[in-house]
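Let me begin by presenting the structure, written as structure tokens, before commenting on it.
Whatever order the structure lists ligands and atoms in, that order sets their numbers, starting from 1.
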Amino acid sequence: MIAPAPPRLLFLDLRQQGDGAMPPVAGLEPISPSLGNNCNKATNALAVFVAIDGDAAYADWRKRLHPLCPRAFPHVILLAPYDPALARKVMADDAADCCAIDDLERMELIAARLERRRDPDSEDGREASEAMLYVRMQTAVDMLPSPLFMKDRNGRYIACNKAFEDYIGQSRDAILGATVFDVAPADLARIYARADQALMTQGGKQSYEAQVRYADGSYHDVIFYKSVFYAATGEADGISGTMLDISERKQLEKQLEIAASTDFLTGINNLRTFYELAGQEFRRFSRNGGDLSLVVIDLDHFKQTNDRLGHAAGDEALRLFVAAVQGSLRDQDIFARAGGDEFRLLLPGTDLTGAILVAERIRLAVARLQVSSPGGSVHLSISAGVCCCLPGDESLDAVIRRADAELYRAKAAGRNRVYSPQTPQ
Ligand SMILES: Nc1nc2c(ncn2[C@@H]2O[C@H](COP(=O)(O)OP(=O)(O)OP(=O)(O)O)[C@@H](O)[C@H]2O)c(=O)[nH]1
């Protein structure tokens, strides 16, 4: 394992004027002002000496100062020139110390005192390593892509990571100490607060899927994992939680579901979905009676269409046919491709006469269709067999067999026609 580099005393020069010279203090190392923006990432820094030459330079430092810095990396303000009012101000803020930039003796003493932070057995050393551990933990959780948060027993946020800040759209400073009512829309906040309350009461863990809206307006499918943590007395002391983004998985699941239930070429139900949906309708019919009819449809001489115009034109013919049928369907009708050029149409709430009318309307619409390719063009036509479910029917298959028999008769009679049990032999 590589040993961590020894912590360093850094010198950051933010003077707006001057020669940029570093005071000759042993162990002091310059860092570029551009790196000064990331001083919290310098996890091997012992302290930062910051040279400023007035209020503007100090304001620049305050902008750069990460909230974690004062705890983990004390900063010492070096004033050039010394300004007692500014010195009082920086000490009232969170500077570890302050002196004139040319007061080398004082600076040596400050550095020596800060050096004690290297000794893990000294109080300063313990405080430094605690603060360092805190920064390292925070840095580690900030690197995680999943939002993380902790709330105390009153529902106030006491910790969070960068991903949680992005989710909420507010800085950690604004989030810590706030409740969910301060950071989320009221309707959602009530739901979250109730869920938290239930978890605090019952203890243990909780996980559930939800859709959340990020501050940037994007919606994500997530799994919340929340867990109660306990005080030394054994009382529930708060909740820690995370959200795992499962949007991609959900998207994939939806795509798989569509792929498994629809016909790739035409986008309508496949045979599996037909049996699922039509089975439900047939069971409802068996229980409650009513009208339920079936139309089976087959394109005429489709092999010739393929042979003359090519397979791509054949595909186009199938899509044109489907579009024509969809134009005459109601919401409850179940339309599916049974395979090849054969289709099924189940019509709930429709008796035989109504189903024959629907099939005729489709036949006429298809007869107006034409597919073309460089090889020529072909008029389409269909044959259809229609029947209705009867009280004695034991299964949907029995109904399909009757409709198939009518389709066979329509083909045999010359195609481009609709046959049903009402059609004379
Ligand atoms: N282009 C295309 N052709 C298909 C597809 N699936 C099946 N076919 C073709 O559809 C044709 C069906 O032909 P057949 O079942 O012999 O019947 P037909 O030529 O329509 O004759 P009849 O039904 O008796 O009028 C076959 O040539 C299959 O190759 C498909 O997805 N795309």
Practice task
Answer yes or no: is there an ion pair linking Asp142 with Arg172, defined by an N-O contact shorter than 4.0 Å?
Solution key: yes

Practice task
Kindly determine whether His220 and Asp245 satisfy side chain to side chain donor-acceptor pair (under 3.5 Å), including the steps that lead there.
Solution key: CA-CA 7 Å; His220 297 236; Asp245 198 320; 2.6 Å; yes

Completion exercise
If you scan protein heavy atoms around atom 22 (P) of ligand 1, the nearest is Lys411 NZ, 3.3 Å

Problem - Region of Leu318 that comes within reach of ligand 1 [heavy atoms, distance under 4.0 Å] - result: side chain

Exercise for the section: Answer yes or no for atom 24 (O) of ligand 1: protein heavy atom present at a distance under 4.0 Å? Expected result: yes

Practice task
Verify the ring-centre separation between Phe274 and Phe335: is it less than 6.0 angstrom?
Solution key: no

Handout entry: ligand 1 N/O within reach of Gly340 N/O, cut-off under 3.5 Å
Key = no

Problem - Over-ring placement of Lys411 relative to Tyr408, 6.0 Å and 45° cut-offs - result: no

Problem - side chain to side chain donor-acceptor pair (under 3.5 Å) between Ser383 and Asp300, intermediate numbers included - result: CA-CA 7 Å; Ser383 300; Asp300 294 331; 2.7 Å; yes

Problem - Option set Arg319, Arg337, Lys303, His301, criterion heavy-atom distance to atom 16 (O) of ligand 1, minimum - result: Lys303

Exercise for the section: Sort out for me which residue in Trp61, Phe11, Tyr58 forms a ring pair (Phe, Tyr, Trp, His ring centres under 6.0 Å) with His75. Expected result: Trp61

Exercise for the section: Could you tell me whether some N/O pair between Gln304 and ligand 1 is separated by less than 3.5 angstrom? Expected result: no

Exercise for the section: Please work out whether any backbone atom (N, CA, C, O) or any side-chain heavy atom from C-beta onward of Asp315 is under 4.0 Å from ligand 1, and answer side chain, backbone, both or neither. Expected result: both

Exercise for the section: Give the residue, atom name and distance (to 0.1 Å) of the protein heavy atom nearest atom 15 (O) of ligand 1. Expected result: Asp341 OD1, 4.2 Å

Problem - Option with minimal heavy-atom separation from atom 28 (C) of ligand 1, where the choices are Leu265, Thr305, Asn306 - result: Asn306

Practice task
Flag the pair Asp237 / Asp152 as yes when at least one side-chain heavy-atom distance between them is below 4.5 Å, and no otherwise.
Solution key: no

Problem - Student check: side-chain heavy atoms of Arg62 and Asp94 closer than 4.5 Å - result: yes

Exercise for the section: Could you tell me how the ring of Tyr157 sits relative to the ring of Phe164: parallel (under 30°), tilted (30 to 60°) or perpendicular (over 60°)? Expected result: tilted

Handout entry: Atoms of ligand 1 close to Gly314 [distance to a heavy atom under 4.0 angstrom, numbered from 1]
Key = 1 (N)

Practice task
Under 4.0 Å from a heavy atom of Leu299: give me the atoms of ligand 1 that qualify, with their elements.
Solution key: 20 (O), 23 (O), 25 (O)

Problem - Within-cut-off N or O pair, Arg415 and ligand 1, under 3.5 Å - result: yes

Fill in the blank from the handout: among protein heavy atoms, the one nearest atom 11 (C) of ligand 1 is Phe302 CD2, 3.8 Å

